[in-house]
Amino acid sequence: MLLGTVLVLLLLGSAGPASAHAALRGADPGDGSVVKSAPRHVTLTFTESVALLDDSFRIYSPDNHRVPLGEPEHADGRSDTARIGLPGGLDDGTYTVAWRVVSADSHPVSGAFTFSIGKPSPTAPAVPAAPAEHPITASLYDTGRYLAYIAAALLIGTVAFAALCRPPDTAPLRMPLVTGWWTLLTSTAVLLVLRAPYENGTSPATAFDLSAFTGVLTGRPGIALLTRLALLVLTAAVLLRLSRLRRAHGEPDGRTSPVRLAVGTVLAVALALTWAAAEHASAGIQVPVAMTSSVLHLLAMACWLGGLTALLIVLFRADAPPPVATVTRFSRLAFLSVTVLVVTGVYQSWRGLGSWSALADSSYGRTLAVKLVMTAALLLAAGLSRRLTLGLATAASSTETETEMEEKEKEKEEEKAVEEATAAVRERLPELVASATSDKAPPTAPALPASDDGTPDSPPPAPSPALPSGPTPSDPNEPPLDRYRRALRVSVLVEAVVAVVVLLVTTVLTSTLPARAEAEAAATGTAPIAGLPAATVVTIPYALDVPGGKGSVQITLDPGRVGENGIQAVAFDPAGALDSIPELRLSFTLAEKDIGPIDAGLTDRGGYWATSDLNLPLPGTWTMKATIRVSEVDQVTESHPLRIEP
């Protein structure tokens, strides 16, 4: 810990500017600039490569109308740029550009800025900005990430404990091994399904959009998740194969060949790479070093915390207490893991923070401070466990020494008794022979020297060596070995509970914008601004006297103003859960101007209905008519007034 503190002082003292999230480096036209004529493109340049979305750009005219746009692209084939073409004939005034991309470390990044054509508009838009992400999608995605971390620790740590610590009975370890594998497989699949809504900032219902899901599979995060699924299938096949070979050859559970150990190491490193390739380590400064550090950090965490869980299960659920050698081997493994965690953690903290002030002035720094405090508590618990392990080893050695001394003394007494009996028989041999030739009964042989309970006397055992200070016995007659085992169970349990909290904070930290990137984004002056038009949300209930004929449809119009609008519609059942309906049609009528009905042209996106090119030409109170079909022959039509602002 002292070495880690010195490294923090040295590294943070020489920190330079860099980022681990994509930050907007520049824009053309620039933020707040005034150009004489309408530009042909809007081009953004970032600090690292970015992935583009179908809706990466939203541009609003001076009167808050959404400008029709084409497909976004990278400028000049450079992956760190984003460009969108503008239509001709744009009016003078101030335009608002809202952008959203996915940085190389898999996190969505968004922002907004303004530029003016001819001259700035007299007044700025006054409508507040829409949220950058959907709260339910973000919560589900973060939960999946947390479960994936726990599952990886269980899977890798349990295998490492069985292979390196060699417990004689591995049957109790099958439960955490299977639980870790299934949890990691399920959480990875959920993350893959939720990837498109997470990137686009939409509701979980949009995960059923086949086109968006297909696009995710071509990005770096999607490829990493797919690779993880494939590696998990391969890991299951290898574990089953090894288990069958072990049973077929009758090998003991505690023995692992070097070849199998190498195969397990390769699979563990490959799994860790699926995290490193899609998170902070894959972008920013010193990517090769950061990737290596991230892999080592994750493997050390898994060996320590996953192995800790395996040790806890063995201590509580095994038929017999684990040998002292097993506990001692894990103590060495945990010490090595903690050393790796400290070194890699210091490096990653320097890379994410950039300066001491960021520790208190940024969300990343404050979250990191919480993690450091919890990690310090974890190290204290680990130190206590290590001390108890040393005490357990000393107690076991002392017990073995006492047992060996007692057995040797007993053997000596037995040999002495046999020699005395033999000598007595030799002295009376003539008398015994004479008795055998006569009718007299032979005299009885002399009895062996014995104690009151019939066993040979033995001297008192030698005093045992002094044990290190340890837990106070609850029972004065409790053997030292049992006393240390009982205390070790409690300390390992406390250590595991604190470890769960540390993993939770780590998950929050990996989804928080690093302080370096935050500082660079602030320096460019391209932070998100207010003034973006908010979406209009309408909920229409419906009811039919047929099974499944009741529910509601939530319809979102973006921006809900004159001009081009996007629509997303999601159906819910009476309990508020997502529902699937065979068909949904929307039409819009402005009766006072005799306009309509205008068909929205919704298409099924795999669980929800949407369109991106509904044009409402005039302001006023429109009538939105929704036709919901719930079966092959049953449908209902509901109407709702809708105010469209200019």
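Remark: Leu44 CG to Asp28 CG distance equals 9.5 Å, nearest 0.5 Å. A distance of 10.0 Å separates OG1 of Thr143 from CG of Leu194, quoted to the nearest 0.5 Å. To the nearest 0.5 Å, the span separating CG on Leu584 from CD1 on Ile581 amounts to 4.5 Å. Residue Glu592 holds its CD atom at 9.5 Å from OG1 of Thr623, rounded to the nearest 0.5 Å. Distance CZ/Arg228 to CG/Leu191: 7.0 Å, rounded to 0.5 Å. Arg40 CZ to Leu90 CG: the interatomic distance, rounded to the nearest 0.5 Å, is 13.0 Å.
In this structure the side chain of Thr621 never reaches within 4.5 angstrom of the side chain of Leu642, judged on heavy atoms. Between Ile540 and Ile555 there is a side-chain heavy-atom pair separated by less than 4.5 Å. Contact annotation: the side chain of Thr603 never approaches that of Thr611 to less than 4.5 Å [non-hydrogen atoms, C-beta and beyond]. Residues Ile598 and Leu614 have side chains in contact (heavy-atom distance under 4.5 Å, counting atoms from C-beta outward). Put simply, the side chain of Leu177 reaches to within 4.5 Å of the side chain of Leu155, judged on heavy atoms. Side-chain atoms of Trp181 and Thr186, non-hydrogen and from C-beta on, never get closer than 4.5 Å to each other. Residues Lys550 and Tyr542 have side chains not in contact (no heavy-atom distance under 4.5 Å, counting atoms from C-beta outward). Contact check for Trp275 versus Val295: no side-chain heavy atoms found under the 4.5 Å cut-off.
Here the closest heavy-atom approach between residue Ala153 and residue Met301 is recorded as CB-SD, 3.8 Å. Taking every heavy atom of both residues into account, Thr637 and Lys625 meet most closely at CG2-CG, 3.3 Å. Taking both residues in full, the closest heavy atoms of Leu184 and Leu232 are given as CD2-CD2, 3.5 Å, listed atom of the first, atom of the second, then distance. Considering all non-hydrogen atoms of both residues, Leu53 and Glu199 come closest at CD1-O, 3.4 Å. Among all heavy-atom pairs drawn from Leu586 and Asp599, the shortest one is O-OD1, 3.0 Å. Annotation for Glu583 and Arg629: closest pair OE1-NE, 2.9 Å, computed over non-hydrogen atoms.
Counting heavy atoms of neighbouring residues, nucleotides and ligands inside a 6.0 Å radius, atom CZ of Arg643 exceeds 12 of them.
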Next on the checklist: Run the side chain to side chain contact (heavy atoms under 4.5 Å, CB included) test on Leu602 and Ile567 for me, step by step, so that the C-alpha distance in whole Å, both residues' side-chain angles and the decisive distance to 0.1 Å come before the verdict.
Outcome noted: CA-CA 8 Å; Leu602 298 181; Ile567 297 180; 3.9 Å; yes
Next on the checklist: Would Phe113 and Val42 count as a side chain to side chain contact (heavy atoms under 4.5 Å, CB included) here? Give the steps.
Outcome noted: CA-CA 11 Å; Phe113 64 94; Val42 172; 4.1 Å; yes
Checklist entry - After noting the C-alpha distance and the side-chain angles of Ile150 and Tyr146, does the key distance pass the side chain to side chain contact (heavy atoms under 4.5 Å, CB included) rule? => result CA-CA 6 Å; Ile150 290 182; Tyr146 177 57; 3.4 Å; yes
Checklist entry - Can you list the steps and then say if Val50 with His74 is a side chain to side chain contact (heavy atoms under 4.5 Å, CB included)? => result CA-CA 9 Å; Val50 295; His74 292 293; 4.3 Å; yes
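Of the possible polar contacts, one joining the Thr158 side chain to the Leu154 backbone as a donor-acceptor pair under 3.5 Å is found. Using a distance-only test at 3.5 Å, with no hydrogens or angles considered, no donor-acceptor pair links the side chain of Thr179 to the main chain of Pro176. Remark: the backbone N or O of Pro29 is not paired with any side-chain donor or acceptor of Ser33 at under 3.5 angstrom.
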Would you tabulate the side-chain donor-acceptor contacts of residues 78-86 under 3.5 Å, counting partners in other chains and residues two or more places apart, or write 'none'?
{"unit_1": "Arg78", "atom_1": "NE", "unit_2": "Asp80", "atom_2": "OD1", "d": "3.4"}
{"unit_1": "Arg78", "atom_1": "NH2", "unit_2": "Asp80", "atom_2": "OD2", "d": "3.3"}
{"unit_1": "Thr81", "atom_1": "OG1", "unit_2": "Ala75", "atom_2": "N", "d": "2.8"}
{"unit_1": "Thr81", "atom_1": "OG1", "unit_2": "Ala75", "atom_2": "O", "d": "3.3"}
{"unit_1": "Thr81", "atom_1": "OG1", "unit_2": "Arg78", "atom_2": "O", "d": "2.8"}
{"unit_1": "Arg83", "atom_1": "NE", "unit_2": "Glu73", "atom_2": "OE2", "d": "3.3"}
{"unit_1": "Arg83", "atom_1": "NH2", "unit_2": "Glu73", "atom_2": "OE2", "d": "3.1"}

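Side chains of Ser116 and Thr94: a donor on one and an acceptor on the other come within 3.5 Å.
When each of Asp573, Thr539, Ile628 is checked for a side chain to side chain contact (heavy atoms under 4.5 Å, CB included) with Ser552, only Thr539 meets the rule.
Using cut-offs of 30° and 60° for the angle between ring planes, the Tyr95 and Phe115 rings count as parallel.
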